[in-house]
Number of protein chains: 2
Amino acid sequence: MIKIDKSLINNEVLHALSIKSKKVTFQRNEIVAEAGKTCNYIFFVRKGLLRSFYYDRKGKDVTNWFASEEMIITAAQSFFKREPSFLGIEAIEDTVVRAISYEQLEEMFQEYHSLERFGRLVMTEIMMAVGKKAIYLQVKSAEERYHELIKTYPDIFYRAKLGHIAGYLGITQQSLSRIRANTT
Amino acid sequence: MIKIDKSLINNEVLHALSIKSKKVTFQRNEIVAEAGKTCNYIFFVRKGLLRSFYYDRKGKDVTNWFASEEMIITAAQSFFKREPSFLGIEAIEDTVVRAISYEQLEEMFQEYHSLERFGRLVMTEIMMAVGKKAIYLQVKSAEERYHELIKTYPDIFYRAKLGHIAGYLGITQQSLSRIRANTT
DNA sequence: TTTAACATTTCACCTATGTTAAAAAACAGA
DNA sequence: TCTGTTTTTTAACATAGGTGAAATGTTAAA
């Protein structure tokens with residue numbers, strides 16, 4: 001759930017980005033990046049909804065992150081460290097993205113100092129978003145986490161499955177169902 | 001718990017950093033950055049141990065992060081976004097740091113493209129460390145989180161108070177004491 | 001329109017962690 | 001070394017959320 005603030009990039013770089021990136025479409029339920037393989041792309045979502053996910057020790061599917069219109073998503077650790085990913089990414093809806101490969105992005109970082117800066121600022125945004133999630137998991141109840149999620153990202157309620165949302169919140173789908181029943 | 005890999009910076013920039021930064025010492029229990037105020041410095045720890053912390057809704061002190069030798073710490077959201085901090089930072093031991101102000105760091109980012117790049121890489125490391133913490137809180141039991149912490153950062157066991165560690169793990173100090181009793 | 005697959009809710013019971021309070025242990029200053 | 005303070009442990013009880021299973025609801029293909 002990281003929105004990109006394009007006003008931080010100048011037009012020249014924005015143009016270069018649009019040339020280097022390619023448009024890709026995915027169908028609902030299609031795998032966008034496979035767990036176990038190195039993730040070579042960062043995706044800018046134009047239309048649709050994606051989630052990254054992994055399997056916990058007991059084999060349960062856990063949603064790690066969502067991304068919809070104007071947001072970015074990748075398997076960050078794999079993409080930036082060039083190693084196999086423990087995260088998979090899938091399209092939850094029919095989705096259109098623009099994808100930039102690691103090599104292309106690296107080239108552009110070399111070429112445009114201002115993009116390197118933008119990259120640092122985006123990474124700072126991501127870090128704070130992830131940090132906020134950690135703090136919520138650290139001190140808020142499941143119910144509070146749920147209400148906060150729906151408040152800041154209302155359409156997730158209609159667009160994602162209960163089990164996906166529950167996994168993201170770190171609870172079971174039964175617990176989330178119970179929370180909904182208690183508070184609606 | 002973010003170690004800095006200095007091999008990613010060239011000597012010229014490293015030298016400039018050491019000139020622009022200043023050495024500061026703090027006594028055990030001294031406040032290094034106050035919650036409610038904008039945090040103007042990023043700290044590179046030379047000696048000692050620090051923690052960042054906040055108060056949850058019920059007023060309970062919760063440790064957010066630790067930093068010891070060769071690590072960095074700041075109130076990231078405040079420092080990078082230039083806004084009042086919800087985090088405080090305190091020295092847990094007598095501590096020596098090198099501090100760089102936001103203005104100085106900004107100047108240096110403008111001057112050295114390679115530092116901007118380094119900043120992006122460091123931010124990526126931080127993001128992944130925070131992401132790992134979030135995942136642990138999402139799917140691991142308190143006991144697993146405790147053992148992982150002690151495994152990856154053994155001296156925290158001797159150097160930090162039980163209550164600080166418990167807060168970091170997202171549990172009460174009584175629960176952590178119980179976990180220790182069960183497994184020692 | 002029926003049926004099969006999938007998603008959500010409900011329920012009874014269980015367990016990890018929280019809460020409150022007190023005892024024990026460790027530590028720091030005189 | 002003694003003493004007051006802080007930290008850690010222990011214990012009894014409370015509760016949020018997990019588990020497994022079944023019931024109900026929804027969707028979409030045939």
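Predicted model only: the values in this text are computed from it and were never measured. Sequence lines set the chain letters: A, B, ... in the order given, protein chains first and strands last, and positions in each chain run from 1.
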Between [X] ([atom1]) and [N] ([atom2]), how many Å, whole number?
X	N	atom1	atom2	value
A:Asn182	C:dC11	CG	C1'	14 Å
A:Asn29	C:dC6	CG	C1'	11 Å
A:Phe157	C:dT8	CZ	P	10 Å
B:Leu169	C:dG18	CG	P	10 Å
B:Arg159	D:dT7	CZ	P	18 Å
B:Arg28	C:dC27	CZ	C1'	9 Å

Salt bridge check, [Y] against [X]: does any charged N sit closer than 4.0 Å to a carboxylate O?
X	Y	answer
B:Lys20	B:Glu111	no
A:Lys81	B:Glu125	yes
A:Arg145	A:Glu148	no
B:Glu69	B:Arg46	no

Start with the C-alpha distance between B:Tyr102 and B:Phe79, add both sets of side-chain angles, then the distance that settles ring-ring contact (aromatic ring centres under 6.0 Å, His included), and finish with yes or no. CA-CA 7 Å; B:Tyr102 182 80; B:Phe79 182 81; 5.5 Å; yes

Among B:Tyr168, B:Phe53, B:Phe157, exactly one meets ring pair (Phe, Tyr, Trp, His ring centres under 6.0 Å) together with B:Phe66. Which residue is that? B:Tyr168

Per-nucleotide protein contact string for nucleotides 8-26 of chain D, where B marks a base within reach and S marks sugar-phosphate only (heavy atoms under 4.0 Å, - for neither): BBB------BBBBB-----

Read 5' to 3' with Watson-Crick or G-U pairs under 3.5 Å, [ ] for crossing pairs and | for partners on another strand, DNA chain D gives ||||||||||||||||||||||||||||||

I'd like to check the side-chain contact (heavy atoms from CB on, under 4.5 Å) partners of B:Phe109; sequence neighbours left out, ordered by chain and number. A:Arg117, A:Arg120, B:Leu105, B:Glu106, B:Leu115, B:Glu116

Give a yes/no verdict on a cation-pi contact between B:Lys133 and B:Tyr136, requiring under 6.0 Å between NZ or CZ and the six-membered ring centre and an angle within 45° of the axis. no

